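For the single chain, residues carry numbers from 1 onward in sequence order. A quick note: this is a predicted structure, and the numbers were derived from the prediction, not measured. Ligands are counted one by one from 1 in listed order, and the atoms in each one are counted from 1 as well.
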Amino acid sequence: MPVTDQAFVTLATDDVYCQGALVLGQSLRNHKTSRKLAVLITPEVSSGMRSVLSSVFDEVVEVDVLDSADSVHLALMQRPELGVTFTKLHCWTLTHYSKCVFMDADTLVLCNVDELFDREEFSAAPDSGWPDCFNSGVFVFQPSLKTYNLLLQFAAEHGSFDGGDQGLLNSFFSNWATADIGKHLPFLYNLSSSSVYTYVPAFNHFGRDAKVVHFLGATKPWNYKYNLQTKRVMQDGTTSGSFHQLSFLALWWNIYSASILPLLEKLQKMEESKSEECKHAFNGVEVTLKKEKVSPYVASSLQKPELPEQTSEVNPTACSPEELAFKAQPVYEVEPRDSNDHPSEPDRPSEEPVFQPAFQETSEMNEVSHFVSELSIHFKPAKPTPEDERRKWEEGRMDYMGKDAFEHIKKKLDAFLH
Ligand SMILES: O=c1ccn([C@@H]2O[C@H](COP(=O)(O)OP(=O)(O)O[C@H]3O[C@H](CO)[C@@H](O)[C@H](O)[C@H]3O)[C@@H](O)[C@H]2O)c(=O)[nH]1
Ligand SMILES: [Mn+2]
């Protein structure tokens, strides 16, 4: 039975984080949540992206940017961009819901997690970096204007010890660590994807029960490239990933390519160009599909990789994609680097894992079998559409110093009158 007064809530302040929000929303839908889905956005999010969001979320709510502007503390975390996470506090204003679960746009559910609504405010899972703090990427809360105002007041008086919402919320809900174990969500509800290599035996033992994966840190799933044909995440010199981390990334990209890309395509036909690249240009993002002709021989060997003997009992057709992503062995698109490159990372197994395609190939994939299709998302400085421009004017946000300056408007008027 649908529950209409409770919701999962996420946040995206630009078109790039919207990609994450869309995958999270889709993962919640795939696992048949009975709760509403709401996304908070800020004015920067383009109208195209708003319409795509509204096909996945029940509610798209525009809020103002709240920024801690605390460059000193943010510098300590080496994440200057996280001041805007104060915008998260707006989630307490969604008072038409009696209870909500906030989830960062860089999280993904692996199964139905509606049981989270049995918990009370403020429930969250420990942070892997400092377990006496909770991680603010997944939490249960009760919308209330009173709490919202207390949080703003607290922020103004005390700031945040890390410059982001997590420091602020931990100081505000300061008895979380000791007061009530019922408010400690199991780590499985907010598994940071890096924990899969910081504590390998624990991951091997408990990891298959993971319910939510969180790609926390500076490199997000959308910063990788994805090979549509092999369904592998590609790594370059700047990205690194352990083996299970790569299968969680592949799962993210699988949802993106199967369910989100078609929505973007529906909104705007792929620009077919003569070159082997299709681009989807939105205001803030550009999704690129790079095709490369390869000889049929290479194509067939790509499609059916010669597998060494399979080491696990997994039958690819009998598993859900999530189970497969967990069990399937991710593959390095580039040569795995020497384990010496990762001093903090426990030794990788000496033989590299066997590749099993994480998902069944579809007939569509076979049609493009002569191509290596590489999918990637790039940040593109926003060029507002006329609709965005009009919205800005209506909201009284003119660019008086730039294109809405008097001299430009006068030019337009002159041109119109003559
Ligand atoms: O430019 C931005 C940055 C963040 N977000 C939103 O804010 C969330 C948090 O930012 P994220 O980049 O996911 O931070 P993390 O790498 O997860 O870092 C940690 O630190 C953040 C700041 O305290 C907390 O918000 C996170 O929950 C915590 O996991 C994102 O998922 C988005 O929902 C945006 O919409 N735009
Ligand atoms: Mn996050």
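Here the straight-line distance linking atom CG of Leu24 with atom CZ of Phe215 works out to 11.0 Å at 0.5 Å rounding.
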Let me see the working for His73 and Asp162 under side-chain hydrogen bond (donor to acceptor under 3.5 Å, both in side chains), right down to the final yes or no.
-> CA-CA 5 Å; His73 284 121; Asp162 67 5; over 6 Å; no
From CA spacing to verdict: salt bridge (Lys or Arg N to Asp or Glu O under 4.0 Å), Lys220, Asp104 | CA-CA 12 Å; Lys220 301 301 187 198; Asp104 267 8; over 6 Å; no
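For NZ of Lys36, the number of neighbouring non-hydrogen atoms (other residues, nucleotides, ligands) closer than 6.0 Å is 12 at most.
Residue contacts with ligand 1 for Asp127 are absent, since no atom lies close enough (heavy atoms, distance under 4.0 Å).
Interface of Gly137 with ligand 1, defined as ligand atoms under 4.0 Å from a residue heavy atom, comprises 27 (O). Taking every non-hydrogen atom of Asp162 and a distance limit under 4.0 Å, the qualifying atoms of ligand 1 come out as 23 (O). Using a 4.0 Å cut-off to heavy atoms of His214, the atoms of ligand 1 that qualify are 17 (O), 29 (O). Annotation for ligand 1: atoms under 4.0 Å from non-hydrogen atoms of Gly164 are 22 (C), 23 (O). Using a 4.0 Å cut-off to heavy atoms of Asp106, the atoms of ligand 1 that qualify are 13 (O), 17 (O), 31 (O). Taking every heavy atom of Ala12 and a limit of under 4.0 angstrom, the matching atoms of ligand 1 come to 35 (O).
Regarding atom 8 (C) of ligand 1, its nearest protein heavy-atom neighbour is Asp104 OD1, 3.5 Å. When only non-hydrogen protein atoms are considered, atom 33 (O) of ligand 1 lies nearest to Leu11 O, 2.6 Å. From the protein, the heavy atom lying nearest to atom 1 (O) of ligand 1 is Tyr17 CE1, 3.3 Å. For atom 35 (O) of ligand 1, the closest non-hydrogen atom on the protein side is Thr13 N, 2.8 Å. Counting protein heavy atoms only, atom 29 (O) of ligand 1 is closest to Asn135 ND2, 3.0 Å. The protein heavy-atom contact nearest to atom 20 (O) of ligand 1 is Leu82 CD1, 3.9 Å. The closest protein non-hydrogen atom to atom 22 (C) of ligand 1 is Asp165 OD1, 3.4 Å. Of all protein heavy atoms, the one lying nearest to atom 7 (O) of ligand 1 is Thr85 CG2, 3.6 Å.
Taking the six-membered ring for Trp and the full ring otherwise, the centers of Tyr256 and Trp253 sit less than 6.0 Å from each other. Checked against the 6.0 Å centroid criterion, the rings of Trp92 and Phe139 qualify as a close aromatic pair.
The two residues Ala125 and Pro186 make their nearest non-hydrogen contact at CB-O, 3.8 Å. Between Ser376 and Lys225, the shortest heavy-atom distance links the atoms CB-CG, 3.7 Å. Taking each heavy atom of Phe134 and Ala124 in turn, the nearest pair found is CB-CB, 3.6 Å. Minimum interatomic distance between Trp222 and Ala105 (heavy atoms only, all atoms of both residues): CZ3-O, 4.1 Å.
Remark: side-chain polar atoms of Lys211 are not paired, donor with acceptor, to backbone N or O of Leu188 under 3.5 angstrom. In this structure, Ser98 contributes its side chain and Asp5 its backbone to a donor-acceptor pair below 3.5 Å.
When only interatomic distances are considered, the shortest N/O to N/O separation between Gly217 and ligand 1 falls below 3.5 Å. Where the criterion is an N or O separation shorter than 3.5 Å, residue side chain and backbone included, Leu216 fails it with respect to ligand 1. Considering backbone and side-chain N/O of Ser136, one or more are found under 3.5 Å from N/O of ligand 1.
Considering only heavy atoms from C-beta on, Arg35 comes within 4.5 Å of Phe117 through its side chain. In this structure, Ser160 and Ser171 have side chains that are not in contact, with every pair of non-hydrogen atoms separated by 4.5 Å or more.
Under 3.5 Å, the side chains of Tyr189 and Glu115 contain a donor-acceptor pair of N or O atoms.
Closest heavy-atom approach to atom 15 (P) of ligand 1 among the candidates Met103, Lys220, Gln166: Lys220.
For a distance threshold of 2.8 Å, the protein N, O or S atoms nearer than that to the Mn ion (ligand 2), listed by chain and number, are Asp104 OD2, Asp106 OD1, Asp106 OD2, His214 NE2.
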